[in-house]
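Contents: one structure, followed by commentary.
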Amino acid sequence: MALAEPDLGGMTGGLSACPACVAAPSAERIAQLSAQGSARIMLSLPAAHCAACISTVEGMLNAYPGVTSSRLNLTLKRALIEAEPQVTVDELIAALKRVGYEAHELDAGLLSATEADRTARDLLMRLGVAFFSMMNVMILSVAVWSGAEGVTRDLFHWISGAIALPTVVFAGQPFFKSAWASLRAGRLGMDVPISLALILASSISLFETIHSGHHAYFDAAVMLCFFLLIGRYLDYRTRAIARSAAEELAALEVPRATVLEDGTEVVKPISAIAAGDIVLVRPGGRMPVDGVVIAGESEVDRSLLTGESLPVFAGVDTVVSAGEVNLTGPLTLRVTAAGKDSSLHRIADLVAVAEAAKTRYTSLAERASRLYSPLVHILSFSAFGFWMWRTGGDLRYAVNISAAVLIITCPCALGLAVPAVVTAASGKLFRKGLLIKQGTALERLAEVDTVVFDKTGTLTLGTPEPTNLDAHPQIAVEVAMALAGASGHPLARALTEAAKARGLRPARVEDLREVPGYGVEGLWKGLRVRLGRAEWCGATAPMTETATWLCTGEGEAPRPFRSEERRVGKECRSRWS
């Protein structure tokens, strides 16, 4: 098994500043890679979290023999690798493990990241066009505000219009389409006053320019479009991160498996595997299918499906599910379900249904817009009617006042502030391991006064923690630490981390060897030492005990290193307020 992950505690940071990074290449690019005989590999790296991770991962991958290019998308925590056909996924996962990054192969066919990235790039492109136009129109407007008159003022207005009008038509399409859909449904959404403000500001500005008017509002129209696009983009990114949860879960299903045919190992895609086939799963591999163990013994990590981090024993007749991780020994399975019929895929379908479900809750912005949008239109038309009466029927003046009211009262604060707040809060929660699937979750969370946990009185962090290190001599802990460092077992990693936290260093143990399904052994001062199962170390312990035993070979009785799941705190109260 691979070495334990090194400490990455000094690497801190947030999400990537480039949320539109490509997570999957286009269809044309895939065809090109296939024609060139290149392999396209996608890996999930859940531990990647900062800019230093990008340089470390990409530097290692690009330097790996046979890899032509690699790209780490920090937002999605995925690495896209283009390599020569002889480069295998297992080699890359092992290489990443050596530099401290846990990696899992993803099935790119189950990810719709290409469409998501296309939408993100489309919004970013419109945002960039609006920003470029806004800056140029503002420069021209400064000249008019500084006192330009007559022909000079008209010339600047015409140039501003030539920049602003195509920009509003192009960059404002997300609002225009949404407003039209709202009107067709017989309701006034927030995009209706936004679209009306953009159209009126542009139309009146063009009218004033044609008639040599003193004022034009091209700068206001483009600036309004720019800031509202920022809000729209932030809102999209928040939803896209949540939407990818089901896709990521389904993609964790291993795309290929090793099938035994008349004693010969044949690697086949999951789509070609049927119930009744015999599949071999090596230590460290993820279960590619649902099945029953017919040969071999090992321990299985079922945390993906059950949430419990402690591994469980798997032997003959043990039922295993796709997505579980085989930890210590090779297992031979008889397939009961594969592909879309597997338990992992069914769970992903349930997550997707939950994310798409309609609820009785509506966001704060939507509730406000139901009152705000009609009120904005009433104010604008009231201003128009008042000034038509006050000026004795001066249509031009009344329309200008009406448009000014509409622009000033346009719900740009709702369009920008609400997505910005939700994105910031969701991003912070995402970095702490919490995923917000619906925009109303934060609003509903503020109303929570009672929390009920179905954890029999305790909450844990999902990782084991040694509880009796201080009961053993220091040399025994150092020997156990050296043995545990050669294993990737959760209990071994927990022992290593706890010993490091106490400032201990591993003893000098040579000839380290991991015995699948049992533990690790080596030579310490010429003595054979073992760390692993009780019976392997010469001890007797109940099957329910969570302990790793150390046998030093000095005639001493084996020493148990007991562990329990790390708790969030002490006994939970039944009511939090």
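Starting from 1, each residue takes its place in the sequence as its number.
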Phe384 and Leu395: side-chain contact (heavy atoms from CB on, under 4.5 Å), yes or no, with the steps? CA-CA 9 Å; Phe384 173 79; Leu395 179 63; 3.7 Å; yes

Answer whether the closest heavy-atom distance between the side chains of Asp219 and Ser160 falls below 4.5 Å. no

Any side-chain heavy-atom pair from Phe175 and Leu229 closer than 4.5 angstrom? yes

Please name the pair of heavy atoms, one in Leu198 and one in Leu224, separated by the smallest distance, quoted to 0.1 Å. CD2-CD2, 4.0 Å

Looking at CG of Leu127 and CG of Leu228, how far apart are the two atoms once the value is rounded to the nearest 0.5 Å? 11.0 Å

Whether the side chain of Thr391 engages the backbone of Trp387 through a donor-acceptor N/O pair (distance < 3.5 Å, no angle test) should be reported. yes

Leu96 vs Met60 side-chain heavy atoms within contact, under 4.5 Å: yes

For atom CZ of Phe132, is the number of surrounding heavy atoms from other residues, nucleotides or ligands below 6.0 Å larger than 12? no

Check the pair Ile199 / Phe176 against side-chain contact (heavy atoms from CB on, under 4.5 Å), numbers first and verdict last. CA-CA 10 Å; Ile199 294 172; Phe176 299 148; 4.1 Å; yes

Kindly give the heavy-atom pair with the smallest separation between Ser205 and Ala201, and that separation in Å. OG-O, 2.6 Å

Taking Ser380 for its side chain and Ser402 for its backbone only, find out whether a donor-acceptor pair lies under 3.5 Å. yes

Glu82 side chain reached by Ser70 side chain, heavy atoms, under 4.5 Å: no

Taking all non-hydrogen atoms of both residues into account, name the closest pair between Ala171 and Arg126 and its distance. CB-O, 3.8 Å

For a side-chain contact (heavy atoms from CB on, under 4.5 Å) check, start with the C-alpha distance between Arg390 and Tyr397, then their side-chain angles and the critical distance, and finish with the verdict. CA-CA 10 Å; Arg390 183 70 179 270; Tyr397 188 81; over 6 Å; no

Could you pull out the closest heavy-atom pair between Val405 and Ala383, with the gap in Å? CG2-CB, 3.9 Å

Would you say that Phe218 contacts Leu140 through its side chain, given a criterion of any heavy-atom pair below 4.5 Å between the two side chains? no

With a 4.5 Å limit on heavy-atom distance, are the side chains of Glu58 and Arg71 in contact? yes

Can you tell me how far CD of Glu91 sits from CD1 of Ile41, rounded to the nearest 0.5 angstrom? 9.0 Å

Do other residues, nucleotides or ligands put more than 12 heavy atoms under 6.0 Å from the CZ atom of Phe381? no

Where is the tightest heavy-atom contact between Met388 and Ala398, given as atom of each residue plus distance? CG-CB, 3.5 Å

Between Glu208 and His157, does a side-chain contact (heavy atoms from CB on, under 4.5 Å) hold up when you go through it step by step? CA-CA 9 Å; Glu208 292 293 323; His157 281 170; over 6 Å; no

Is the shortest heavy-atom distance from the side chain of Thr167 to the side chain of Val137 under 4.5 Å? no

With rounding to the nearest 0.5 angstrom, report the OG to CZ distance, Ser133 to Phe170. 10.0 Å

Whether Phe226 and Phe131 hold their rings parallel, tilted or perpendicular, with breakpoints at 30° and 60°: tilted

Starting at CD1 of Ile93, measure out to CZ of Arg286 and round the result to the nearest 0.5 Å. 9.0 Å

What's the separation between atom CG in Leu43 and atom CG in Leu72, rounded to the nearest 0.5 Å? 10.0 Å

Side-chain touch Tyr64/Leu92, heavy atoms, less than 4.5 angstrom: yes

Val87 to Pro65 - nearest heavy-atom pair and separation: CG2-O, 3.7 Å

Nearest 0.5 Å please: distance from the OG atom of Ser212 over to the CZ atom of Arg153. 6.5 Å

